[in-house]
Amino acid sequence: MSATVKHYYSYNQIHLLIRSSLPQFTTCPDILVAISGGGLIPARILRTLLKSKFNRTVPIRVIGLQLYDDDAEKMCEGGVKRTQWPRSEEWGVTGKAATDGNGEKSLNVWVVDEVDDTRTTLQYALSNLQNDLGNEATFGIFVVHDKRKPKRGVLPGDVEYISAVEVDDHWIVYPWDATDIDEHQRLCDSQACAKETSST
């Protein structure tokens, strides 16, 4: 990734990208798991859109994972750092996820993040969630941006995966990272990133 190439996205563009992904959700998740901090706002937007489609409010749980230092350029020593994780009782299930009366998997959990970069964080999150919730739960992953690049992390083949849009390996600047939102919007408007936004 070139540190000199930055692409700016506005709140409106993020919202439209997430909305464009809604038809790919054929069933309503039971839980959204937002990876802090980049997955928080996308998860909240997704919850509203899922309610509009399925007439159901999906609870959001938050996990804190850090792969990069705060400057977003240098990876943390030792890989992914866990900064926040719900206790077992906070998942809303008793211990491992329970099956329904027919023995079918009954808890559908979707992990939400802003970008699939190296996939390392997503692999860590999924592996640890499977350990917490058991094999009875099913899992999906939703990201706003999927970067076209080789991935270090690997996801199981039975995990559903939805990305709002694929992008080249450039530096994405999100509006929630801005200290001057007016300047951020100006930079966003001056770029051609709007062509990647899917409208419905």
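Model, not experiment: these values are computed from the prediction.
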Between Trp85 and Asp132: side-chain donor-acceptor atoms closer than 3.5 Å: yes
4.5 Å side-chain heavy-atom contact, Cys28 and Val58: yes
Backbone of Tyr124 reached by a side-chain donor or acceptor of Asn128 within 3.5 Å: yes
Atom of Ile35, atom of Ala125 and distance for their closest heavy-atom approach: CD1-CB, 4.1 Å
Closest non-hydrogen atom pair, Lys6 against Gln191: O-NE2, 2.7 Å
Heavy-atom closest pair, residues Pro175 and Tyr9: CD-O, 2.9 Å
Asp189/Arg186 salt bridge by N-O under 4.0 Å criterion: no
Distance (rounded to the nearest 0.5 Å) between Leu32 CG and Leu50 CG: 6.0 Å
Nearest heavy atoms of Asn108 and Phe139, plus distance in Å: ND2-N, 4.5 Å
Inter-residue atom distance Ile141.CD1 - Asp146.CG, 0.5 Å rounding: 10.5 Å
Side chain to side chain, Val62 and Leu40, heavy atoms closer than 4.5 Å: yes
Note, Leu126 side chain near Pro156 side chain (heavy atom, < 4.5 Å): yes
Lys/Arg-Asp/Glu bridge criterion (N-O < 4.0 Å) met for Asp116, Lys149: no
Residues Tyr174, His145; criterion ring-ring contact (aromatic ring centres under 6.0 Å, His included); working and verdict: CA-CA 11 Å; Tyr174 292 98; His145 293 104; 5.6 Å; yes
For the student: nearest non-hydrogen atoms of Ile18 and Pro42, plus distance: CD1-CA, 3.7 Å
Euclidean distance, Leu65 CG relative to Thr120 OG1, rounded to 0.5 Å: 11.5 Å
Tyr11 and His184 aromatic centres sub-6.0 Å: no
Expected output: side-chain Ser163 to main-chain Glu166 donor-acceptor under 3.5 Å: no
Sidechain-backbone polar pair: Gln13 side chain, Ser10 backbone, donor-acceptor under 3.5 Å: yes
Verdict with reasoning, Val111 to Phe142, per side-chain contact (heavy atoms from CB on, under 4.5 Å): CA-CA 6 Å; Val111 179; Phe142 174 78; over 6 Å; no
Backbone N/O of Val154 and side chain of Gln123: donor-acceptor pair under 3.5 Å: yes
Point-to-point distance, once rounded to the nearest 0.5 Å, from CG of Leu122 to OG of Ser127: 12.5 Å
Which atom of Lys147 lies closest to which atom of Asp168, heavy atoms considered: CG-O, 4.2 Å
Backbone N/O of Leu17 and side chain of Ser20: donor-acceptor pair under 3.5 Å: yes
Rounded distance [0.5 Å steps], OG1 in Thr48 versus CZ in Arg19: 13.0 Å
Spacing of Leu22 atom CG and Leu46 atom CG [to the nearest 0.5 Å]: 7.5 Å
Ile31 and Trp110: CA distance, side-chain angles, deciding distance, side-chain contact (heavy atoms from CB on, under 4.5 Å) verdict: CA-CA 6 Å; Ile31 299 175; Trp110 279 75; over 6 Å; no
Working for side-chain contact (heavy atoms from CB on, under 4.5 Å), residues Arg47 and Val112: CA-CA 11 Å; Arg47 184 174 79 160; Val112 181; over 6 Å; no
Heavy-atom neighbours of Lys53 NZ exceed 12 at 6.0 Å: yes
Electrostatic pair Arg56:Asp30 at N-O distance under 4.0 angstrom: yes
side-chain contact (heavy atoms from CB on, under 4.5 Å) evaluation trace for Val80 with Arg82: CA-CA 7 Å; Val80 178; Arg82 183 189 290 200; over 6 Å; no
Residue Asn55 excluded, over 12 heavy atoms near CG under 6.0 Å: no
Student check: side-chain heavy atoms of Thr83 and Ser36 closer than 4.5 Å: no
